Amino acid sequence: MKRSGKIEEKIFKVLMIIATYSILAILAIIIYTIFAKGIRSMSWEILTQVPQGGYYYGKGGGILNAILGSLSLAVGATILAFIFGLPVALYINVFLVRKKKLVTMIRFILDLVWGIPSIVYGAFGFSMMILLGLQTSLLAGTLTVTLFILPIMIRSMDEILRTVPIGLSEATYSLGANKSELAFKIFTRQTVSGIITAILLSFGRAIGDAASVLFTAGYTDNLPNSLMEPVATLPLSIFFQLSSPVPAVQDRAYASALVLTLIILLVSLFSRGIGKRYHKTKINF
Amino acid sequence: MYLLNRSQRHKVNYTWMIISLLLVASLPFLLFLGLYLKSFLLIHDYHLGDLLFSKVWKPGSGKFGFYPFIVGSIWVTLLAMLISAPICLLTAIYVTQYTRKRFLRIMHPAIDILAGIPSVVYGVWGILVIVPFISKFVGPLFGVETLGYSILAAALVLSVMIIPFILNILIEVFRTIPMELKEASLSLGATQWQTVKSVLVKKALPGIIAAFGFGLARAFGETMAVLMVVGNVVRLPKSVFDPGYTLPALIANNYGEMLSIPKYESALMFAALILLAVSLFFNLVMHFFIDRYNKFAS
């Protein structure tokens with residue numbers, strides 16, 4: 001009995017080690033595949049030019065339209081989500097701090113909204129677009145992506161704001177401050193690094209998602225120049241190039257995938273670094 | 001120095017907070033209402049049962065059977081869970097019970113990166129690695145001829161994509177179990193493994209179920225990566241090596257064509273409505289489990 005228990009433990013321990021290291025190995029394989037395939041077809045031309053005539057049949061050009069399109073869309077959506085998101089997160093943690101049930105309810109709704117697949121946002125954005133008589137455009141894409149990253153932004157800020165100690169609020173009130181001053185002047189300063197992390201996380205989501213922009217942002221070979229015109233995005237550019245039967249175009253899709261992966265890795269590296277840097281403004285209790 | 005005085009500024013801030021909050025809180029209802037109104041054209045003309053269980057998909061002649069897509073989605077999702085769930089559970093137990101804290105510091109960035117990789121990049125990886133792996137290795141191993149673009153390929157890619165979601169929740173669940181519980185079990189003479197098996201896992205069960213449920217909901221709605229490797233053939237799959245079609249892929253693939261036929265557009269919005277309903281339902285149920293877990297844990 002005792003011996004069989006020991007054997008069981010050994011077997012499971014081996015399985016656990018295999019499982020853990022296989023996750024790390026898969027991550028390494030993914031990163032390696034994307035880098036190895038992408039670097040081979042990476043060139044200066046791809047990064048700095050827009051697609052020329054016949055690009056999707058192997059003629060010259062690059063994906064600058066998609067890089068700039070994705071950046072402008074993701075930056076716009078992140079800013080909008082921040083404008084609507086920060087007040088909500090602050091409201092929950094400053095104004096409703098004593099109404100536990102209501103806060104639980106709001107967090108619950110936010111978690112529900114977070115779980116909704118991005119393609120549903122895409123479909124919803126599309127139907128709203130038609131209702132308002134809009135065309136596929138940078139504006140429609142940005143608004144849809146804003147809805148999609150809003151719960152992510154709020155919940156990640158909320159997790160940080162929750163950690164602000166009650167003593168800080170009491171000290172602020174005792175100096176005669178009102179609630180919105182406490183929220184926008186004290187809470188935001190206390191949690192700068194966490195707020196920046198939340199922004200970067202949302203930005204990463206915004207730039208990487210394809211399903212929500214598929215219907216709403218459209219696609220174009222031109223650089224983004226107006227809110228009301230379609231805009232190219234990196235995920236869709238990868239997808240379209242990969243669907244081409246021409247191998248040279250597929251190779252460029254791999255290079256584009258490398259560009260997108262690099263952006264994501266940079267953002268995540270950046271947000272890790274920031275957590276350490278902005279401790280100066282933080283009061284420790 | 002300021003345009004407004006203190007109490008005016010307070011009022012502006014307060015109003016803006018309330019507006020934002022109402023916008024966000026009404027989002028799930030808005031989504032539901034919008035998609036419902038859009039798919040009304042279809043729901044009005046057909047029986048719900050016919051839509052969900054009919055096998056014929058011919059939008060041109062007005063036949064909208066979602067059954068192949070629903071079955072495809074369920075196959076892909078369940079298979080992905082079957083692969084992912086044991087790996088995540090074993091890993092979560094290992095990193096929280098058998099390693100030092102330092103190891104978590106390696107694991108956390110790895111999980112974050114896995115979670116951050118865009119789904120289209122997972123799709124590219126699937127086409128480059130998983131699809132050839134199935135057509136050249138797994139297929140012949142089972143004596144099946146396959147192109148590689150299959151239910152299995154989608155499930156494999158998907159299983160990797162949901163690992164970070166499930167694992168993060170599981171690690172959190174195991175970390176919140178009170179230390180005393182473990183110590184009590186160990187002091188009674190139980191071995192580490194006996195403690196894990198009959199105390200920790202039992203205690204964490206609602207949390208584990210919730211983690212798997214959240215992963216399931218995530219997997220069900222995943223679009224681009226699945227679309228790129230699943231094959232996109234409208235028929236009922238007979239084995240995991242057959243190509244299939246999923247609900248999200250249906251929506252994403254046909255957005256260009258749908259505009260010419262009003263009912264077609266309505267049908268795609270109905271597909272989105274199904275996805276929304278499934279996602280909301282699963283998340284609701286799993287929150288119930290998490291709540292129960294939190295009550296017991298504290």
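Residue numbers start from 1 in every chain, and the chains themselves are labelled A, B, ... in the order their sequence lines are given, proteins ahead of strands. Heavy atoms only: backbone and side chains are in, while hydrogens, waters and symmetry mates are out. In this text, all values refer to a predicted model and were calculated from it rather than measured experimentally.
- Only the side chain of A/I154 comes within contact range of chain B, with heavy atoms under 4.5 Å apart.
- Contacts between A/L242 and chain B at a heavy-atom distance below 4.5 Å involve the side chain alone, from C-beta outward.
- By the 4.5 Å heavy-atom criterion applied to side chains, A/I29 and B/W125 are counted as neighbours.
- Within the 4.5 angstrom heavy-atom criterion, atoms from both the backbone and the side chain of A/I83 approach chain B.
- Comparing B/M224, B/Q192, B/E222, B/K197 by how many heavy-atom pairs each has under 4.5 Å with chain A, the most go to B/M224.
- Only the side chain of A/L150 comes within contact range of chain B, judged by heavy atoms closer than 4.5 Å.
- Of the two parts of A/N178, the backbone and the side chain both hold a non-hydrogen atom closer than 4.5 Å to a non-hydrogen atom of chain B.
- Using a 4.5 Å cut-off between heavy atoms, A/L110 contacts chain B through its side chain alone, with no backbone atom that close.
- With contacts defined as side-chain heavy-atom distances shorter than 4.5 Å, the pair B/T223/A/P117 does not qualify.
- Side chains of A/L15 and B/Y94 form no contact here, defined as non-hydrogen atoms less than 4.5 Å apart.
- Note that CD1 of A/I17 and OH of B/Y98 are 10.0 Å apart. Values are rounded to the nearest 0.5 Å.
- Distance check: A/I23 CD1 to B/T91 OG1 gives 3.5 Å after rounding to the nearest 0.5 Å.
- Using a 4.5 Å heavy-atom threshold, the side chains of B/P118 and A/L260 count as touching.
- Side-chain atoms of B/H10 and A/K179, non-hydrogen and from C-beta on, do get closer than 4.5 Å to each other.
- Aromatic ring pairs are classed by plane angle as parallel below 30°, tilted from 30° to 60° and perpendicular above 60°; the pair A/F108 and B/H287 is perpendicular.
- Between B/L268 and A/F126 the shortest side-chain heavy-atom distance does not fall below 4.5 Å.
- The distance from the OG1 atom of A/T20 to the CG atom of B/L167 is 8.5 Å, given to the nearest 0.5 Å.
- Using a 4.5 Å heavy-atom threshold, the side chains of B/V124 and A/K37 count as separate.
- One distance of note links CZ of A/R272 with NE2 of B/H108; it measures 8.5 Å at 0.5 Å rounding.
- Between the CZ atom of A/F124 and the CG atom of B/L30 there is a distance of 5.5 Å, given to the nearest 0.5 Å.
- Of the two parts of A/L214, the backbone and the side chain both hold a non-hydrogen atom closer than 4.5 Å to a non-hydrogen atom of chain B.
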From CA spacing to verdict: side-chain contact (heavy atoms from CB on, under 4.5 Å), A/L24, B/M107:
CA-CA 8 Å; A/L24 294 174; B/M107 246 1 233; 3.8 Å; yes
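- For A/I116, the parts sitting under 4.5 Å from any heavy atom of chain B are the backbone and the side chain alike.
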**Request:** Start with the C-alpha distance between B/I251 and A/F215, add both sets of side-chain angles, then the distance that settles side-chain contact (heavy atoms from CB on, under 4.5 Å), and finish with yes or no.
**Result:** CA-CA 10 Å; B/I251 307 172; A/F215 298 114; 3.3 Å; yes
Report task. Start with the C-alpha distance between B/V160 and A/I30, add both sets of side-chain angles, then the distance that settles side-chain contact (heavy atoms from CB on, under 4.5 Å), and finish with yes or no. Result -> CA-CA 10 Å; B/V160 177; A/I30 294 174; 4.0 Å; yes
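- Separation of atoms CG (B/L31) and CE (A/M128) is listed at 9.0 Å; rounding is to 0.5 Å.
- In this structure, chain B has a heavy atom under 4.5 Å from the side chain of A/A183, while its backbone stays farther away.
- Residues A/V120 and B/L35 form a side-chain contact, since some pair of their non-hydrogen atoms from C-beta on lies under 4.5 Å apart.
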side-chain contact (heavy atoms from CB on, under 4.5 Å) between A/L27 and B/I117, worked out: CA-CA 10 Å; A/L27 176 62; B/I117 295 177; 4.3 Å; yes
